[in-house]
K.L.:
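Pasting a structure here, questions to come.
Sequence lines set the chain letters: A, B, ... in the order given, protein chains first and strands last, and positions in each chain run from 1.
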Amino acid sequence: MTPETLQLVLPNGATRDVAAGTPARDVVASIGPGLLKAAIAVAVDGEVQDLMTPIRKGGAFVVLKSSDPRSLAILRHSGAHILATAVRRLRPDAKIGFGPAIDDGFYYDFEVETPFTPDDLAAFEAEMAKVAAEKFPFVRAEISHGEGEKVFADDPLKLERLAELGPGEVISTYTDGPFTDLCRGPHVPDTSYLQHFKLLSTAGAYWRGDEKRQMLQRIYATAFWKKDELDAHIHQMEEARRRDHRVVGKQLDLFMFHQFAPGAAFWTERGTTLVNTLHDYLRELHRDGYAEIKTPLLYNKGLWEISGHWGKYRENMFLVLDNETKEHDFSLKPMNCPSHYLMYSARKHSYRELPLRYNTYDVLHRNEVSGALSGLTRVRQFQQDDCHIFLMDSQIADEVKRLTGFIIGYYTTFGLTATLKFATRPETRIGTDEMWDRAEGALKAALEATGLPYELKAGDGAFYGPKIDFDVTDSIGRHWQLGTIQLDYAAPERFDLTYAGDDNTAHRPVVIHRAVSGSFERFIAILIEHFAGAFPVWLSPEQVRVLPIASDFAANAAEVTAKMRAAGIRAVMDNGNDTLNYRIREAEKMKVPYMAVIGKREAEAGTLAVRERGQGKKQDIIAVDDFIARVRDEIRTRALPKPAE
RNA sequence: GCCACAGUAGCUCAGUGGUAGAGCACUCGAUUCGUAAUCGAGCGGUCGUCGGUUCAAUCCCGACCUGUGGCUCCA
C-alpha cells in the first residue's frame with residue numbers, strides 16, 4: 001500500500017507534498033540546512049510537534065525557532081527529562097513520575113526511599129550539565145502496550161499511566177542516552193539545547209495531586225534559551241522576595257505573628273493606622289446607600305445547620321465548648337452571610353426598601369489546615385469588606401453595574417488594574433433555566449457596560465447563581481483574585497427571606513454577595529508588595545517626618561509638627577541625638593513619604609527643606625503653610641506615588 | 001493534614017559534643033551636625049518546647065510547636 005501524500009503549506013505560500021509518516025526533520029532539512037539548525041520544532045496546522053515525530057496530517061507548516069514562545073515549553077519539558085536522566089544516574093533506585101513544563105519552568109516527580117537534600121540538588125544540577133554536554137539526541141519510538149510494559153517494568157507509576165492509554169492512542173517513548181521515558185513529547189532535538197537552567201527547590205507532592213496517594217519528591221527548576229533571560233528570571237524572584245510583605249511588614253513595623261495565635265495577625269500602631277485608613281476610605285465610599293451593621297462573632301450550631309455549614313464546612317470552623325451542655329454547640333462565624341440573613345428576617349421588609357445593602361467589617365475565623373497558612377495572604381482570622389444586598393430580580397442589572405463601577409474605582413485608587421471573569425451556570429445547580437437566563441443576562445449587560453475586557457468561565461459559577469470575579473494585576477505583574485459579585489438564589493430559600501411587594505404579598509428577594517478587597521489582611525499584603533512598602537501619602541502610617549538639623553531648632557520643629565498634626569497630617573518629629581544623615585537614613589528606610597528638614601534658614605524664614613522619599617538629595621524649599629496645603633491635597637485626592645523606583 | 005527545610009540577643013545572621021559570638025537596634029556618655037550609618041562604653045540569650053543518648057547536649061536522636069517552600073498545571 002502506498003503511503004498517503006500530505007500537502008504542507010509553507011508560510012511563503014509554497015507547498016510541499018510529503019508522504020505521511022515522514023519525520024518533520026526531513027521536511028525542514030529539505031527547506032534548508034540552515035533552517036534545520038535553528039529549528040526547535042514545527043507547527044502543523046497549528047499543532048506543535050517536534051522534529052522527530054512523523055507528520056500525520058497536512059496543513060500550514062511553520063518552523064518554530066527558539067524565538068517562538070511555544071518553543072520554550074519544549075525546552076523546559078526536555079529539561080525535565082534531562083533532570084530525570086541525571087537523577088537516575090545518581091540515584092538509580094528513583095522511580096519516575098511526571099515531568100511537565102509549567103508556567104515558569106518545569107518539575108519532575110520521583111518516588112525515592114530517602115528524600116532529596118539540597119546537596120543532592122547541587123549534584124543533580126552538575127550532572128544535568130554533563131548530560132547536556134554529552135549531546136544525546138532525543139530519540140522517539142512508537143511502541144505497543146506490551147512493549148511499554150517491558151520498558152517500564154520497574155516504574156510502577158509509568159505503568160499506571162500506560163494502562164490508562166486507550167487502544168487508539170499512539171504510545172511514544174523518548175530516549176536521551178541512558179534514560180527512556182513514556183512521553184508524548186515534543187522535545188528539542190538533543191540534550192545540548194539545554195544550556196541555561198537552574199534547579200530551584202524540592203517539595204513533596206502527592207502522586208497525581210491526590211492526598212490519598214503516595215507522596216513523591218518533586219524537584220522544581222527553570223530553564224531559558226538565553227543566559228540573560230535566566231538571570232532576569234532569578235532577578236525577578238529576588239525582587240519578589242525584596243517586596244515580600246512578610247519582610248517589608250517587619251521592616252516597616254506593620255504587623256507581627258506569634259506562635260500562640262497561628263494564622264492571626266497582630267497589628268502594630270503603624271499597621272493599625274493602615275488598616276483604619278483603608279476602613280475609613282471604604283466607609284466613605286459606602287456612605288451612599290449602604291447600611292453598616294455588626295453581628296455577633298459566636299453562634300449556636302442551629303444557625304449553621306440552616307445554612308448548611310454544619311454538615312459541609314464544620315472542619316473549617318472553630319468550635320467552642322458550651323460549659324452548660326459540655327458540647328461544642330457554638331462556633332465562631334467563618335462568614336457573615338447567615339448573620340445578615342438573620343438580621344434581615346428579624347422584621348418585615350417592603351419592596352420600597354430594596355435594594356437593601358448590609359455592609360460589615362466583622363472579624364471571621366476559618367480553621368485552615370496548618371500547612372496552608374502563609375503570612376497575611378492565608379490566615380485563620382481576617383476581616384472582609386463584606387456586603388449582602390437584598391433586592392428584586394428586576395433590580396439586578398442596575399445593581400451589578402453599580403457594584404462593578406464601585407469595585408473598579410476602588411482598585412484604580414491604588415493603581416491596580418483588574419480583569420473580570422464571568423462565571424456562568426454549572427452542571428449541578430438549583431433554580432430554573434429562566435432564572436439563570438435572567439441572572440446571567442443581567443450580569444453580562446453590567447459587564448459590557450463597564451467597557452472592560454472580561455473572560456467567560458462557562459460552567460464555573462456557584463450552584464446557587466452566576467458570579468463575576470475580579471482578578472487584579474499588581475505592579476510586578478502578579479495576579480490576585482480579590483473582589484467578587486455573586487448572585488444567590490439559594491440562601492433566600494433556606495432562610496425564608498421575603499419582602500412585601502406592591503401587590504402586598506410576600507416575595508422572595510435575591511441576594512448578592514459582594515466583596516471588594518477579599519480580606520483586609522490579604523489586600524494589605526498585596527498593597528505592601530504592589531508598592532514595595534512605599535505607600536501613597538494618604539495610606540502611609542507616617543506621612544511626614546520633621547527633622548530639626550540641630551536641637552537649637554527643636555522648638556520650632558515641634559511647633560511645625562503640631563501644626564501639621566492639627567491639619568490632619570500624620571507627622572512625627574525625630575529629634576534624636578543622631579546626625580541628620582542618620583535620621584534621613586532612618587526615615588528613608590521606613591519609607592516615610594516626606595522629610596521636612598528645619599535648620600537656621602528655614603526657622604527664620606518659616607519654610608521647610610522638603611526631601612521626598614526615594615528622590616535623593618533633591619530638596620524643595622517651601623513655606624510651612626504651603627507644604628501643609630500640598631500634603632493635605634495629596635491626602636484628599638489619594639494621589640498615587642511617583643512612578644516606582 | 002502530608003513531604004522537605006528552618007527556629008541561636010529586638011532584627012539580620014555566624015558558630016561549636018565541654019553551658020555562646022558579630023553587625024545593627026537599645027541604654028549611657030561625648031558630639032549639635034545641611035540631606036542614606038559620629039565616636040566610645042554598656043545592657044542583652046534556659047541557643048523554639050519536651051523527652052532521650054552521653055561523664056557532658058545549643059550541637060546527636062525522637063516527639064511536639066511555629067514558620068518557609070510545595071502538594072491543579074497530565075504519559
Side-chain angles (χ1 to χ4, degrees), chain A residues 73 77 80-81 96-107 109 111-112 114-118 120-121 148 152 155 157-165 169-174 181-185 200-220 241 244 246-247 250-251 253 256-263 315 367-375 547-554 575-590 595-602 609-621:
Chain A
H77 180 50
H81 279 232
I96 48 176
F98 293 164
I102 53 176
D103 282 349
D104 41 29
F106 60 90
Y107 66 77
D109 286 340
E111 186 177 16
V112 284
T114 48
F116 303 129
T117 65
D120 287 332
L121 226 58
F152 299 104
D155 276 303
L157 305 178
K158 288 291 174 191
L159 290 177
E160 181 180 326
R161 178 64 192 134
L162 185 65
E164 292 166 2
L165 294 172
E169 293 181 80
V170 175
I171 300 171
S172 57
T173 63
Y174 280 82
D181 201 350
L182 178 68
C183 179
R184 185 170 54 186
L200 298 172
S201 61
T202 62
Y206 295 106
W207 171 232
R208 310 202 119 172
D210 181 348
E211 62 187 57
K212 295 191 179 63
R213 305 296 300 269
Q214 68 267 49
M215 176 74 65
L216 307 180
Q217 294 300 313
R218 176 170 296 178
I219 297 177
Y220 279 97
R241 172 73 188 153
D244 188 317
R246 292 164 301 195
V247 175
K250 197 172 272 184
Q251 284 165 351
D253 188 28
M256 56 168 256
F257 287 93
H258 193 278
Q259 59 168 334
F260 289 159
E315 282 188 0
N367 198 356
E368 303 287 349
V369 296
S370 58
L373 301 179
S374 178
L547 301 169
I549 283 183
S551 45
D552 282 356
F553 312 107
N575 182 34
N577 288 325
D578 304 293
T579 59
L580 180 65
N581 272 339
Y582 182 86
R583 288 175 286 148
I584 295 266
R585 183 180 145 86
E586 290 300 298
E588 287 278 2
K589 274 166 60 181
M590 293 305 280
M595 287 147 273
V597 177
I598 301 182
K600 187 158 181 280
R601 297 195 291 268
E602 290 76 19
V610 173
R611 174 181 167 126
E612 271 185 67
R613 167 185 66 197
Q615 302 294 315
K617 280 185 202 295
K618 203 176 70 188
Q619 51 176 297
D620 191 7
I621 309 295

K.L.:
Kindly write out the residues that satisfy side chain to side chain donor-acceptor pair (under 3.5 Å) with A/Glu164, not counting sequence neighbours, or none if the list is empty.
P.N.:
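With neighbours one apart ignored, the set is A/Arg161, A/Arg208.
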K.L.:
What does nucleotides 65-75 of chain B look like as a protein-contact string, B for base, S for sugar-phosphate only, - for none, at under 4.0 angstrom between heavy atoms?
P.N.:
SSSSBBBSBSB
K.L.:
Among all residues two or more places apart in sequence or in another chain, which pass the ring-ring contact (aromatic ring centres under 6.0 Å, His included) test with A/Phe98?
P.N.:
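Applying ring-ring contact (aromatic ring centres under 6.0 Å, His included) to A/Phe98 gives A/Trp207.
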K.L.:
Measure from CZ on A/Phe116 to C1' on B/A4 and round the result to the nearest Å.
P.N.:
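Interatomic distance, CZ of A/Phe116 to C1' of B/A4: 12 Å.
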K.L.:
With rounding to the nearest 0.5 angstrom, report the NZ to CG distance, A/Lys600 to A/Asp552.
P.N.:
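Separation between the atoms: 10.5 Å.
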K.L.:
So, using side chain to side chain contact (heavy atoms under 4.5 Å, CB included) as the criterion, who are the partners of A/Asp210 when residues are at least two apart?
P.N.:
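Result, side chain to side chain contact (heavy atoms under 4.5 Å, CB included) vs A/Asp210: A/Lys212, A/Arg213.
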K.L.:
Using side chain to side chain contact (heavy atoms under 4.5 Å, CB included) as the criterion, list what pairs up with A/Ala261, not counting sequence neighbours.
P.N.:
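Result, side chain to side chain contact (heavy atoms under 4.5 Å, CB included) vs A/Ala261: A/Ala264, A/Phe266.
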K.L.:
A side-chain contact here means heavy atoms from C-beta on lying under 4.5 Å apart; do A/Val369 and A/Glu315 qualify?
P.N.:
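The answer is no; the side chains never approach within 4.5 Å.
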K.L.:
With P as the reference atom in both, quote the distance from B/G44 to B/C28 in angstrom, rounded to an integer.
P.N.:
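Comparing P positions in B/G44 and B/C28 gives a spacing of 15 Å.
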K.L.:
Say you pick atom C1' in B/A56 and the same atom in B/U19; how far apart are they, in whole Å?
P.N.:
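B/A56 and B/U19 have their C1' atoms separated by 10 Å.
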K.L.:
Quantified in whole Å, what is the C1' atom distance between nucleotide B/G42 and nucleotide B/A57?
P.N.:
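These two C1' atoms come out 31 Å apart once rounded.
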K.L.:
Not counting sequence neighbours, which residues clear ring-ring contact (aromatic ring centres under 6.0 Å, His included) with A/Tyr206? List them please.
P.N.:
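With sequence neighbours excluded, A/Tyr206 shows a ring-ring contact (aromatic ring centres under 6.0 Å, His included) to no residue whatsoever.
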K.L.:
Using a 3.5 Å limit on both pairing distances, list the dot-bracket string of RNA chain B from the 5' end; Watson-Crick and G-U wobble pairs count, crossing pairs take [ ], interstrand pairs take |.
P.N.:
(((((((..((((....[..)))).(((((.......))))).....(((((..]....))))))))))))....
K.L.:
Distance between the P atoms of B/C39 and B/G23, in whole angstroms?
P.N.:
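Per the computed distance, 12 Å lies between those P atoms.
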K.L.:
Grab the N/O contacts between the protein and nucleotides 40-42 of chain B below 3.5 Å, and write none if there aren't any.
P.N.:
none

K.L.:
Determine the interatomic distance between P on B/A4 and the same-named atom on B/C61; round to the nearest Å.
P.N.:
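The same atom, P, in both gives a distance of 14 Å.
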K.L.:
NA contact type, A/Glu160, heavy-atom cut-off 4.0 Å: base, sugar-phosphate, or nothing?
P.N.:
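Answer is nothing: A/Glu160 stays at 4.0 Å or more from every strand.
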K.L.:
A/Lys250 has an atom NZ; how far is it from atom C1' of B/C11, in whole Å?
P.N.:
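Atom-to-atom, A/Lys250 to B/C11, this comes out as 8 Å.
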K.L.:
For A/Asp109, which residues count as a side chain to side chain donor-acceptor pair (under 3.5 Å) partner, sequence neighbours excluded?
P.N.:
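Expected list: A/Arg218.
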K.L.:
Parallel, tilted or perpendicular for A/Phe260 and A/His258, by the 30°/60° rule?
P.N.:
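Aromatic pair A/Phe260/A/His258 classed tilted.
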K.L.:
Partners of A/Glu612 by side chain to side chain donor-acceptor pair (under 3.5 Å), sequence neighbours excluded?
P.N.:
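So A/Glu612 forms a side chain to side chain donor-acceptor pair (under 3.5 Å) with A/Arg630, A/Lys642.
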K.L.:
If I pick the P atom on B/U66 and the same atom on B/C73, what distance separates them, to the nearest angstrom?
P.N.:
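After rounding to an integer number of Å, I get 28 Å for this pair.
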K.L.:
For the residue pair A/Cys183 and A/His81, what are the closest heavy atoms and their distance?
P.N.:
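That closest heavy-atom pairing would be SG-NE2, 3.4 Å.
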K.L.:
Quick one: closest heavy-atom pair of A/Ala205 and A/Met215, and the distance?
P.N.:
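Shortest heavy-atom contact: N-SD, 3.2 Å.
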K.L.:
Can you check nucleotides 26-37 of chain B for protein contacts, nitrogen or oxygen pairs under 3.5 Å, and list what you find?
P.N.:
{"unit_1": "B/U32", "atom_1": "O2", "unit_2": "A/Ser551", "atom_2": "N", "d": "2.8"}
{"unit_1": "B/U32", "atom_1": "O2", "unit_2": "A/Ser551", "atom_2": "OG", "d": "3.2"}
{"unit_1": "B/U32", "atom_1": "N3", "unit_2": "A/Ser551", "atom_2": "OG", "d": "3.0"}
{"unit_1": "B/C33", "atom_1": "N4", "unit_2": "A/Asn577", "atom_2": "O", "d": "2.6"}
{"unit_1": "B/G34", "atom_1": "O6", "unit_2": "A/Lys600", "atom_2": "N", "d": "2.9"}
{"unit_1": "B/G34", "atom_1": "O6", "unit_2": "A/Arg601", "atom_2": "N", "d": "3.3"}
{"unit_1": "B/G34", "atom_1": "N1", "unit_2": "A/Glu602", "atom_2": "OE1", "d": "2.8"}
{"unit_1": "B/G34", "atom_1": "N1", "unit_2": "A/Glu602", "atom_2": "OE2", "d": "3.4"}
{"unit_1": "B/G34", "atom_1": "N2", "unit_2": "A/Glu602", "atom_2": "OE1", "d": "3.2"}
{"unit_1": "B/G34", "atom_1": "N2", "unit_2": "A/Glu602", "atom_2": "OE2", "d": "2.4"}
{"unit_1": "B/U35", "atom_1": "O3'", "unit_2": "A/Arg611", "atom_2": "NH1", "d": "3.1"}
{"unit_1": "B/U35", "atom_1": "O2'", "unit_2": "A/Arg611", "atom_2": "NH1", "d": "2.7"}
{"unit_1": "B/U35", "atom_1": "O4", "unit_2": "A/Gln619", "atom_2": "OE1", "d": "2.7"}
{"unit_1": "B/U35", "atom_1": "O4", "unit_2": "A/Gln619", "atom_2": "NE2", "d": "3.4"}
{"unit_1": "B/A36", "atom_1": "OP2", "unit_2": "A/Arg611", "atom_2": "NH1", "d": "3.2"}
{"unit_1": "B/A36", "atom_1": "N7", "unit_2": "A/Arg611", "atom_2": "NH2", "d": "3.0"}
{"unit_1": "B/A36", "atom_1": "N6", "unit_2": "A/Glu588", "atom_2": "OE1", "d": "3.2"}
{"unit_1": "B/A37", "atom_1": "N7", "unit_2": "A/Arg585", "atom_2": "NH1", "d": "3.0"}
{"unit_1": "B/A37", "atom_1": "N7", "unit_2": "A/Arg585", "atom_2": "NH2", "d": "3.4"}
{"unit_1": "B/A37", "atom_1": "N6", "unit_2": "A/Arg585", "atom_2": "NH2", "d": "2.7"}
{"unit_1": "B/A37", "atom_1": "N1", "unit_2": "A/Arg585", "atom_2": "NH2", "d": "3.0"}

K.L.:
B/G1, OP1 or OP2 - any side-chain N/O from A/Lys212 closer than 4.0 Å?
P.N.:
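The answer is no; no side-chain N or O of A/Lys212 sits under 4.0 Å from OP1 or OP2.
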K.L.:
Locate the shortest heavy-atom distance separating A/Ala101 from A/His77; write the atom from each residue and the value.
P.N.:
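Closest approach of A/Ala101 to A/His77, heavy atoms only: CB-N, 4.0 Å.
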K.L.:
Can you name the ring-ring contact (aromatic ring centres under 6.0 Å, His included) partners of A/Tyr174, sequence neighbours left out?
P.N.:
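Expected list: A/His187.
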K.L.:
In whole Å, what separates the C1' atom of B/C13 from that of B/C50?
P.N.:
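Looking at atom C1' only, B/C13 and B/C50 are 27 Å apart.
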K.L.:
Which whole number of Å gives the distance between the C1' atom of B/U46 and that of B/A41?
P.N.:
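Pairwise C1' distance, B/U46 against B/A41, rounds to 28 Å.
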